[in-house]
Visitor: 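Pasting a structure here, questions to come.
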Amino acid sequence: VIETPRAGRSGSVSSPPHQVADYAQKIDVNPPKGTRDFPPEEMRLRNWLFDNFKEVSRLFGFEEVDYPVLESEALYIRKAGEEIRDQLYCFEDRGNRRVALRPELTPSLARLVIQKGKSVPLPIKWFAVGQCWRYERMTRGRRREHYQWNMDIIGVPHVTGEAELISSIVTFFKRIGITEKDVGFKISSRKVLQEVLGFYSVPEPLFAKACIIIDKMGKIPMEEIKKELKSIELSNEAIEDLLQVLSIKSLTELEEKLGGAGEAVSELKQLFSLAENFGYSDWIQFDASVVRGLAYYTGVVFEGFDREGKLRAICGGGRYDRLLSTFGGDDHPACGFGFGDAVIIELLKERGLLPELPLEVENIVCALDPNLQGAAARVASVLRGKGQCVDLVLENKPLKWVFKRAARINARRLILVGSAEWERGMVSVKILGTGEQYEVDVGELE
Ligand SMILES: Nc1ccc(Br)nc1
């Protein structure tokens with residue numbers, strides 16, 4: 001680098017105009033903290049996972065949608081003390097707008113449904129696979145982005161919606177080799193909580209806060225849970241009764257506690273009966289402690305868990321009948337779930353179920369002479385026009401290099417374009433790994 005004396009205030013130092021070479025400042029080649037690259041092998045696994053998400057969604061008659069990854073921060077300003085709010089990846093843009101990288105997809109769905117209004121007939125059955133973000137202090141070293149599969153049904157007030165959604169997730173698990181021995185669904189309803197808190201005349205606005213606190217059960221000490229419940233003015237009696245109900249693991253016991261007249265018990269009974277008809281009873285269990293950590297759930301809630309208990313929740317969802325009205329829209333009954341792309345991969349690794357997804361390029365085409373590069377391009381185009389995958393060797397390379405690349409891309413056929421054959425309109429084909437070799441007219445290649 002040639003240092004150029006800088007022109008000082010006192011005068012300018014004349015120097016010939018010349019380029020001061022920029023230092024090639026070495027940049028950090030890793031992706032930003034908490035984010036991932038998807039090089040080819042990882043991208044094949046991601047595509048395999050997403051293709052299964054999308055195939056199941058298609059089987060259930062859902063339509064694909066997507067939304068901006070950047071949304072107004074206002075979509076996520078909820079006052080129930082959720083972790084998702086504490087970790088919002090938000091900022092002020094150059095137009096002084098408060099915006100956020102979406103931490104979940106459901107609020108975007110609600111926004112689009114309201115925007116579409118009556119132009120979209122009910123029931124709406126939409127699915128999306130989208131990247132979601134959180135800003136977590138790196139002290140915990142966790143990821144800041146993941147991809148979530150969502151399926152949502154808008155306009156169906158009955159638990160047939162939730163039963164259908166759980167069936168779609170069971171269908172997904174079966175497709176990738178996961179059975180009821182590997183995972184299960186814990187199912188409950190926030191109406192259980194509502195009925196218990198109702199006994200103690202707990203005001204409605206505290207209900208969501210109580211749910212968010214209870215969702216921390218098992219993650220923070222029980223004493224802390226009680227302390228936080230006291231902080232939202234729940235009486236000791238209400239807290240003790242609540243915690244006792246939350247330990248219930250059977251619908252029969254729940255009915256004994258709440259009576260059979262309430263919606264919570266009747267809806268859960270209907271759901272378990274529908275599960276019998278769908279054929280996934282062995283996958284589900286009632287567990288009153290499931291409340292999920294999102295403020296907007298209003299009814300049935302469920303989460304997929306690994307039976308060995310080593311992993312975090314695989315997926316989760318439930319009914320959210322009031323979300324649209326919180327955005328000023330007409331209320332429609334709604335239910336949905338989110339299924340992240342990380343825990344499921346950990347589970348598949350644990351169970352030895354990761355699929356083999358090698359790169360497979362059927363053909364490799366190579367000119368044996370630099371003057372035949374054009375001919376090789378023709379051959380490649382003929383094959384590609386017939387739907388054949390071709391890796392065209394683009395430089396003059398020794399055969400040893402070509403064979404090595406053919407092996408790396410798992411090519412089945414090596415097509416050599418040589419001058420003698422080409423003059424007769426022919427090329428030479430080697431079926432790799434078999435020793436079989438023959439000449440063929442280019443027009444007959446397929
Ligand atoms: N909501 C959310 C977003 C991103 C990640 Br990673 N986990 C949860």
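Counting starts at 1 for both ligands and their atoms, following the listed order. Everything numeric in this text was worked out from a predicted model, so none of it was measured.
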Visitor: Out of all atoms in ligand 1, which are within 4.0 Å of some heavy atom of Arg143? Include the element for each.
Guide: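 Under 4.0 Å from Arg143, ligand 1 has these atoms: 6 (Br).
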
Visitor: Is ligand 1 less than 4.0 angstrom away from at least one heavy atom of Glu104?
Guide: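 Judged by the 4.0 Å heavy-atom criterion, Glu104 does not count as contacting ligand 1.
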
Visitor: Is the side chain of Arg78 donor-acceptor paired with the backbone N or O of Arg85 at a distance under 3.5 Å, no angle test?
Guide: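 No.
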
Visitor: Would you mind running through ligand 1 and noting each atom that sits below 4.0 Å from a heavy atom of Cys132?
Guide: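 Atoms satisfying the 4.0 Å criterion: 3 (C), 4 (C).
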
Visitor: Give me the ring orientation class for Tyr147 and Phe38: parallel if the planes are under 30° apart, tilted from 30 to 60°, perpendicular past 60°.
Guide: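 Tyr147 vs Phe38 ring planes: perpendicular.
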
Visitor: Classify the angle between the aromatic ring planes of Phe185 and Phe302 as parallel (below 30°), tilted (30 to 60°) or perpendicular (above 60°).
Guide: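 Phe185 vs Phe302 ring planes: perpendicular.
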
Visitor: Between Phe172 and Phe339, what is the ring plane arrangement, given parallel below 30°, perpendicular above 60°, and tilted in between?
Guide: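 Ring orientation of Phe172 relative to Phe339: perpendicular.
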
Visitor: Within 45 degrees of the axis of the six-membered ring of Phe60 and under 6.0 Å from its centre: does Lys125 put its NZ or CZ there?
Guide: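 No, Lys125 does not lie over the aromatic ring of Phe60.
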
Visitor: What protein heavy atom sits nearest atom 1 (N) of ligand 1, and how far off is it?
Guide: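 Residue, atom and distance for the closest contact: Pro103 O, 2.8 Å.
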
Visitor: Tell me, which protein residue and heavy-atom name are nearest atom 7 (N) of ligand 1, and how many Å apart are they?
Guide: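 Result: Arg134 NH1, 3.4 Å.
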
